[in-house]
Amino acid sequence: MDRSAFRKRFSNGRVAVFPVIHVLDSEQAERNVRTALDEGCAGVFLINHDFAYPEFLPIIAHVRSAFPDIWLGVNFLAVTGKQAFPILARLQNEGTQIDAYWADDARIDEFSPSDTQLEAQEIAEIRAASGWNGLYFGGTAFKKQREVSTDNYATSAALACAQMDVVTTSGIATGQSADIQKIEVFRKACGDTPLALASGITAENVGRYAPLVDAVLVATGINIEGDFYNIDAKRLAQLNSKIAKGERHE
């Protein structure tokens, strides 16, 4: 799926907003998903920030049961696609469809050529063998992972395009906005591959990034102030409103 097709599928040509819900339990997850849907979001991501992924799986199943038709993505914290894709395939076979997997680290090696991206290629092979049919959002030069030099941003982004559906990058930490020059470099290097930004997006700054990225994965910028776990519907509405008033991407 190229950039234009991605935008048309998720957001009528604009930037897609995917709220990221830091899950505590089934009730809290369901409540926040409903808030996101009520505000017209294209879908959501769930993430297990406070416990290991085995405890997360029943909550994912609960959310899918409660919302059988929504676009649902997940992130298993600190787990690469190598471990995640077989789990996602098993869930799929059991009737719990997950539409996207977001990994913080897609294991791109900016010091190796495209045909020797050994870890990333292993992940791709495992994904293909698993039979899971969702989209892969792969973290590249991503927060809290191995640091990538600014000189290597373009190389990292270009290499990532061959290994995932949506190249996904961030600022330096949760809630920290990304250097606009970094995103400009990523945009140019990604070409027609969709690009997602996963930190620091707010209603106040989204206009800077909207021409460059195709999706924003957002939590801090739409959550209740001082609350890591719950969406503020008003802040989310403000973000969506700013995007809706912006120029369409053709």
If I take atom [atom1] from residue [X] and atom [atom2] from residue [Y], how far apart are they, to the nearest 0.5 angstrom?
X	Y	atom1	atom2	result
L57	I59	CG	CD1	9.0 Å
Q163	S114	CD	OG	8.5 Å
I108	T155	CD1	OG1	11.5 Å
D115	Q121	CG	CD	7.0 Å
E184	R208	CD	CZ	8.5 Å
F45	D99	CZ	CG	9.5 Å

Nearest non-hydrogen partners of [X] and [Y], listed with the distance:
X	Y	result
I123	F85	CG2-CE1, 3.5 Å
F142	T168	CD1-O, 3.6 Å
I21	A29	CD1-O, 4.3 Å
P54	P58	O-CD, 3.4 Å
A157	T140	N-CG2, 4.4 Å
A120	A106	CB-O, 3.7 Å

For [Y], is there an ion pair with [X] - N to carboxylate O distance below 4.0 angstrom?
X	Y	value
D105	R107	yes
E30	R34	yes
R3	D192	no
E225	R235	yes
K8	D214	no

Within the distance-only criterion (no hydrogens, no angle test), does the side chain of [X] pair as donor or acceptor with the backbone N or O of [Y] below 3.5 angstrom?
X	Y	result
Q28	H22	yes
S65	H62	no
N223	F228	yes
N205	T202	yes
Q92	N133	yes
R64	I98	no
S156	A141	no
R187	G191	yes
K182	T169	no
Q117	S112	yes

Sub-4.5 Å side-chain heavy-atom contact between [X] and [Y]:
X	Y	value
V167	C161	yes
F51	V23	yes
D232	I222	no
F6	V166	yes
V213	F186	no
Y136	R127	yes
W71	V44	no
N75	L46	no

* To do: In sequence, state the C-alpha distance, the side-chain angles, and the governing distance for T193 and D2, and then conclude on side chain to side chain contact (heavy atoms under 4.5 Å, CB included).
  => CA-CA 5 Å; T193 299; D2 65 17; over 6 Å; no

* May I ask you to check whether W102 and F76 place their ring centers less than 6.0 Å from one another? =>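 That pair fails the under 6.0 Å test.
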
* Tell me whether the centres of the aromatic rings in W132 and Y101 are closer together than 6.0 Å. =>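 Centroid separation for W132 and Y101: 6.0 Å or greater.
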
* Asked: Does atom CD of Q181 have more than 12 heavy-atom neighbours from other groups under 6.0 Å away?
  ->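 No - once you tally the heavy atoms of other residues, nucleotides and ligands closer than 6.0 Å, there are 12 at most.
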
* Asked: Within a radius of less than 6.0 Å around OH of Y53, do more than 12 heavy atoms belonging to other residues, nucleotides or ligands occur?
  ->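 No, the 6.0 Å shell around OH holds no more than 12 heavy atoms from other groups.
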
* Should D50 and Y229 be marked as a side chain to side chain donor-acceptor pair (under 3.5 Å) after you check the CA-CA gap, both sets of side-chain angles, and the distance that decides it? -> CA-CA 11 Å; D50 290 81; Y229 302 100; 3.0 Å; yes

* **side chain to side chain contact (heavy atoms under 4.5 Å, CB included) between L195 and L212, worked out** => CA-CA 8 Å; L195 175 62; L212 302 170; 5.5 Å; no

* To do: Might you work through the side chain to side chain contact (heavy atoms under 4.5 Å, CB included) test for I87 and R90, ending with a clear yes or no?
  => CA-CA 5 Å; I87 297 168; R90 176 168 58 82; 4.2 Å; yes

* For R31 and N230, test the side chains for any donor-to-acceptor distance below 3.5 angstrom and give the result as yes or no. =>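 Note: R31 and N230 side chains meet the donor-acceptor criterion.
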
* Asked: Out of V218, D38, V20, L236, which one pairs with I231 under the side chain to side chain contact (heavy atoms under 4.5 Å, CB included) rule?
  ->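 By the side chain to side chain contact (heavy atoms under 4.5 Å, CB included) criterion, I231 pairs with just one of V218, D38, V20, L236: L236.
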
* **From V15, I183, V216, residue fulfilling side chain to side chain contact (heavy atoms under 4.5 Å, CB included) relative to Y209** =>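 It is I183; the other options fail the test.
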
* To do: Report yes or no: do I180 and Y153 belong to one cluster of Ile/Leu/Val/Met/Phe/Trp/Tyr joined by side chain heavy-atom distances under 4.5 Å?
  =>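 They do share one cluster, since a chain of ILVMFWY contacts under 4.5 Å joins I180 to Y153.
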
* Can you check side chain to side chain contact (heavy atoms under 4.5 Å, CB included) on V74 and L88, steps first, answer last? -> CA-CA 9 Å; V74 300; L88 296 169; 3.9 Å; yes

